[in-house]
Visitor: 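Below are the structure tokens for one structure; questions will follow.
All values below come from the heavy atoms of this structure, side chains included, with hydrogens, waters and symmetry mates left out. Order of listing sets the numbers, starting from 1, for every ligand and every atom in it. From a predicted model like this one, the values you see are computed outputs, not experimental measurements.
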Amino acid sequence: MKRILLALLAAGLCFAAAAQNPSSPGLNHGLRGNTALDKESTPALLPKPVNDDQRKARNYPMQPPLIPHQIDNYQVDAKFNKCMSCHGRDKVADSQAPMVSVTHFMDRDGNMRNEISPRRYFCTQCHVMQTDAKVPVKNTFQDFYSATADEKKGAKK
Ligand code: HEC
Ligand code: HEC
């Protein structure tokens, strides 16, 4: 029994050592590329936020919509919420921004409040900007409509 355990332990150690090989060419270590662990890699440039004011389609109904404008230096803290100065119910007539959804006024017990619920106060917990970053891994996600398109075509026959 002991011997088996020792063998397993040794195998585990070998595996860990192989996985951490710092400069194995061809092995991609995410943002570091294949730079050796004791060297500094040149970080890639930060991708630019898409700031075209065009609201993006949602991939599924409950997706928090992407932010289609820049949000640099927008203050969101205990004192002030810059987002609500445009997206608040009483502000949208002036700003022409879409009002935060009705779910954002609901507290955790399901009561509708007059103000934004604390659960929805920190907008960027859920809403993010789109950037022009290149996808590092090919994405084959299909939304529900495209995934069922063939089925629907079949049904029409
Ligand atoms: C100066 C006014 C203003 C401020 C401040 C502002 N927004 Fe907006 N927002 C808009 C307008 C106007 C739109 C409609 C699209 C456009 O014109 O960019 C919009 C669109 C959006 C949308 C897309 C909604 C949809 O249905 O697609 C999201 C999400 C959003 N904003 C989130 C935020 C967040 C989060 C903040 C704070 C970090 C914020 N906004 C601050 C004006 C503002
Ligand atoms: C806990 C996650 C979460 C937080 C925090 C949050 N949102 Fe949302 N938001 C969502 C989701 C999910 C949706 C889409 C479903 C819905 O309407 O609830 C949404 C929808 C919206 C919409 C579109 C409304 C519509 O009717 O088309 C706007 C605008 C928006 N949020 C703005 C904001 C702003 C501004 C804040 C900060 C004050 C904020 N959200 C905070 C998750 C969040």
Side-chain angles (χ1 to χ4, degrees), residues 12 15-16 19-22 24 26-157:
F15 185 73
Q20 283 171 16
N21 190 350
S24 34
L27 242 192
N28 196 344
H29 298 270
L31 292 175
R32 292 182 60 81
N34 53 17
T35 314
L37 279 182
D38 56 349
K39 299 273 167 356
E40 290 234 350
S41 63
T42 321
L45 292 177
L46 286 176
K48 286 203 199 76
V50 175
N51 186 22
D52 59 9
D53 289 333
Q54 295 296 306
R55 292 164 72 182
K56 309 281 181 296
R58 299 185 205 180
N59 291 317
Y60 52 94
M62 290 307 285
Q63 182 196 329
L66 289 168
I67 308 173
H69 53 70
Q70 61 85 21
I71 55 166
D72 297 355
N73 305 321
Y74 280 3
Q75 180 184 350
V76 178
D77 56 26
K79 295 204 178 86
F80 185 65
N81 187 321
K82 174 77 177 164
C83 312
M84 288 303 281
S85 72
C86 287
H87 289 279
R89 186 189 55 81
D90 53 340
K91 298 295 185 339
V92 297
D94 288 333
S95 66
Q96 289 298 299
M99 190 185 87
V100 291
S101 114
V102 70
T103 57
H104 293 38
F105 295 100
M106 212 185 282
D107 69 14
R108 64 180 170 194
D109 300 316
N111 303 316
M112 279 299 179
R113 296 162 47 101
N114 185 23
E115 293 168 351
I116 190 92
S117 162
R119 298 198 302 169
R120 295 281 190 275
Y121 189 83
F122 294 104
C123 318
T124 49
Q125 237 176 291
C126 304
H127 296 279
V128 294
M129 290 177 312
Q130 179 67 57
T131 68
D132 65 359
K134 302 240 165 9
V135 272
V137 178
K138 199 171 162 250
N139 188 344
T140 55
F141 176 82
Q142 277 190 308
D143 74 8
F144 192 71
Y145 292 141
S146 23
T148 55
D150 294 341
E151 226 169 90
K152 279 188 203 138
K153 259 185 244 154
K156 260 183 218 155
K157 271 182 214 158

Visitor: For ligand 1, which atoms, with element, lie under 4.0 Å from some heavy atom of Cys123?
Guide: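 Close to Cys123: 35 (C).
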Visitor: Looking only at protein heavy atoms, identify the closest one to atom 33 (C) of ligand 1 and say how far it is in Å.
Guide: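 Sorting protein heavy atoms by distance from atom 33 (C) of ligand 1 puts His87 NE2, 3.5 Å first.
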Visitor: At what distance, to the nearest 0.5 angstrom, does CG of Asp132 lie from CG of Leu46?
Guide: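 It comes to 10.5 Å.
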Visitor: Measuring from Ser85:OG to Gln75:CD, what's the distance to the nearest 0.5 Å?
Guide: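 Here the interatomic distance stands at 10.0 Å.
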Visitor: Write out the residue and atom name of the closest protein heavy atom to atom 27 (O) of ligand 1, then the distance separating them to 0.1 Å.
Guide: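 The closest one turns out to be Arg55 NE, 3.2 Å.
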Visitor: Taking N or O atoms only and a 3.5 Å limit, does Ser85 qualify as a polar contact for ligand 1?
Guide: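 The answer is no, given that Ser85 and ligand 1 share no N or O pair closer than 3.5 Å.
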Visitor: Once rounded to the nearest 0.5 Å, what's the spacing between atom CE of Met99 and atom CG of Asp90?
Guide: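 Here the rounded value is 10.5 Å.
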Visitor: Quick one: does Arg58 get an N or O within less than 3.5 Å of an N or O on ligand 2?
Guide: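 N/O-N/O distance below 3.5 Å exists for this pair.
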Visitor: Please could you name the atoms of ligand 2 that Phe122 approaches to less than 4.0 Å, counting only its heavy atoms?
Guide: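 Those qualifying, in numeric order: 5 (C).
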Visitor: What I want to find out is whether Asp52 reaches Lys56 closely enough, with some N-O distance under 4.0 Å, to be called a salt bridge.
Guide: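 Here Asp52 pairs with Lys56 in a salt bridge, since their nearest N and O are under 4.0 Å apart.
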Visitor: Taking backbone and side chain together, does His127 place any N/O/S atom at a distance below 2.8 Å from atom 8 (Fe) of ligand 2?
Guide: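 Checking atom 8 (Fe) of ligand 2 against His127, an N, O or S atom does fall under 2.8 Å.
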Visitor: Can an N or O of His104 be found at a distance shorter than 3.5 Å from an N or O of ligand 2?
Guide: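 Among all N and O atoms of His104, at least one is under 3.5 Å from an N or O of ligand 2.
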Visitor: So, Cys86 and atom 8 (Fe) of ligand 1: N/O/S under 2.8 Å, yes or no?
Guide: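 Coordinating: no.
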Visitor: Mark up the atoms of ligand 2 that fall under 4.0 Å of a heavy atom belonging to Gln63, in ascending order.
Guide: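 Per the distance check, 14 (C).
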Visitor: What's the shortest distance from atom 14 (C) of ligand 1 to any protein heavy atom, and which residue and atom give it?
Guide: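 Of every protein heavy atom, Pro98 CD, 3.6 Å lies nearest to atom 14 (C) of ligand 1.
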Visitor: How long is the gap from OG1 on Thr148 to CD on Gln142, to the nearest 0.5 Å?
Guide: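 Going from OG1 on Thr148 over to CD on Gln142, the span is 9.0 Å.
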Visitor: Tell me which part of Met84 gets within contact of ligand 2: side chain, backbone, both or neither, using heavy atoms under 4.0 Å.
Guide: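 Under 4.0 Å from ligand 2, Met84 contributes side-chain atoms alone.
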Visitor: Please check whether Ser95 reaches ligand 1 - meaning an N/O of the residue sits under 3.5 Å from an N/O of the ligand, judged on distance alone.
Guide: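 No; every N/O pair is 3.5 Å or more apart.
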Visitor: For the CD atom of Gln70 and the CG atom of Asp53, what is their distance to the nearest 0.5 Å?
Guide: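 Those atoms lie 9.5 Å apart.
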Visitor: Tell me whether His104 contacts the main-chain N or O of Ser117 through its side chain, where contact means a donor paired with an acceptor under 3.5 Å.
Guide: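 Checked: no pair found.
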Visitor: Taking only heavy atoms of Met62, which atoms of ligand 2 are found under 4.0 Å from at least one of them?
Guide: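 Matching atoms, with element in brackets: 12 (C).
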Visitor: For a side-chain contact (heavy atoms from CB on, under 4.5 Å) with His127, tell me which candidate from Ile71, Ile67, Leu66 qualifies.
Guide: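 Testing His127 for a side-chain contact (heavy atoms from CB on, under 4.5 Å) against Ile71, Ile67, Leu66 leaves exactly one candidate, Ile67.
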Visitor: Write out the residue and atom name of the closest protein heavy atom to atom 11 (C) of ligand 2, then the distance separating them to 0.1 Å.
Guide: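 Sorting protein heavy atoms by distance from atom 11 (C) of ligand 2 puts Pro64 CA, 3.6 Å first.
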Visitor: Between Cys83 and Thr124, is any pair of side-chain heavy atoms under 4.5 Å apart?
Guide: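 Side chain of Cys83 against side chain of Thr124, heavy atoms only: no contact under 4.5 Å found.
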Visitor: Under a 4.0 Å heavy-atom limit, does Val76 contact ligand 1 with its side chain, its backbone, both, or neither?
Guide: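 For Val76, no heavy atom sits under 4.0 Å from ligand 1.
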Visitor: How does Ala97 reach ligand 2, if at all, at less than 4.0 Å between non-hydrogen atoms: by side chain, backbone, both, or neither?
Guide: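 For Ala97, there is no contact with ligand 2 at all, from either part.
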Visitor: Is any N or O atom of Arg120, backbone or side chain, closer than 3.5 Å to an N or O atom of ligand 2?
Guide: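 No, since none of the N or O atoms of Arg120 sits under 3.5 Å from an N or O of ligand 2.
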Visitor: Could you tell me, atom by atom, which parts of ligand 1 come under 4.0 Å of a heavy atom of Lys82?
Guide: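 Near Lys82, the atoms of ligand 1 are 5 (C).
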Visitor: Give the residue, atom name and distance (to 0.1 Å) of the protein heavy atom nearest atom 39 (C) of ligand 1.
Guide: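 Here the closest protein heavy atom is His69 CE1, 3.3 Å.
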Visitor: Could you identify the single nearest non-hydrogen protein atom to atom 37 (C) of ligand 1 and state the distance to 0.1 Å?
Guide: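 Checked against all protein heavy atoms, atom 37 (C) of ligand 1 sits closest to Cys83 SG, 1.8 Å.
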Visitor: Less than 3.5 Å between some nitrogen or oxygen of Ser101 and one of ligand 2, yes or no?
Guide: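 It does: an N or O of Ser101 is found under 3.5 Å from an N or O of ligand 2.
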Visitor: Could you establish whether Asn81 and ligand 1 come within less than 4.0 Å of each other, counting only heavy atoms on the residue side?
Guide: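 Heavy atoms of Asn81 never come under 4.0 Å of ligand 1.
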Visitor: Could you tell me the residue and atom name of the protein heavy atom closest to atom 15 (C) of ligand 1, and the distance to it rounded to 0.1 Å?
Guide: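 Going by distance alone, atom 15 (C) of ligand 1 is nearest to Asp53 O, 3.7 Å.
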Visitor: Let's go through Arg120 and Val100 carefully: what are the C-alpha distance in whole Å and the side-chain angles of both, what is the deciding distance for side-chain contact (heavy atoms from CB on, under 4.5 Å) to 0.1 Å, and is it a yes or a no?
Guide: CA-CA 10 Å; Arg120 295 281 190 275; Val100 291; over 6 Å; no
Visitor: Looking at Tyr121, which atoms of ligand 2 are within less than 4.0 Å of one of its heavy atoms?
Guide: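 Near Tyr121, meaning under 4.0 Å from one of its heavy atoms, ligand 2 has 37 (C), 38 (C).
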Visitor: Keeping Asp107 on the side-chain end and Arg113 on the backbone end, is there a donor-acceptor pair under 3.5 Å?
Guide: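 No: the side chain of Asp107 does not pair with the backbone of Arg113.
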Visitor: If the cut-off is 4.0 Å to any non-hydrogen atom of Ile71, which atoms of ligand 1 fall inside it?
Guide: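 Under 4.0 Å from Ile71, ligand 1 has these atoms: 38 (C).
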Visitor: Taking the inter-plane angle between the rings of Tyr74 and His69 on a 0 to 90° scale, is it parallel (under 30°), tilted (30 to 60°) or perpendicular (over 60°)?
Guide: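 Taking His69 first and then Tyr74, their aromatic rings sit tilted (interplane angle of 30° to 60°).
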Visitor: Just to confirm my output: which protein heavy-atom neighbour is closest to atom 22 (C) of ligand 1, and how far is it?
Guide: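 Here the closest protein heavy atom is Pro68 CD, 3.4 Å.
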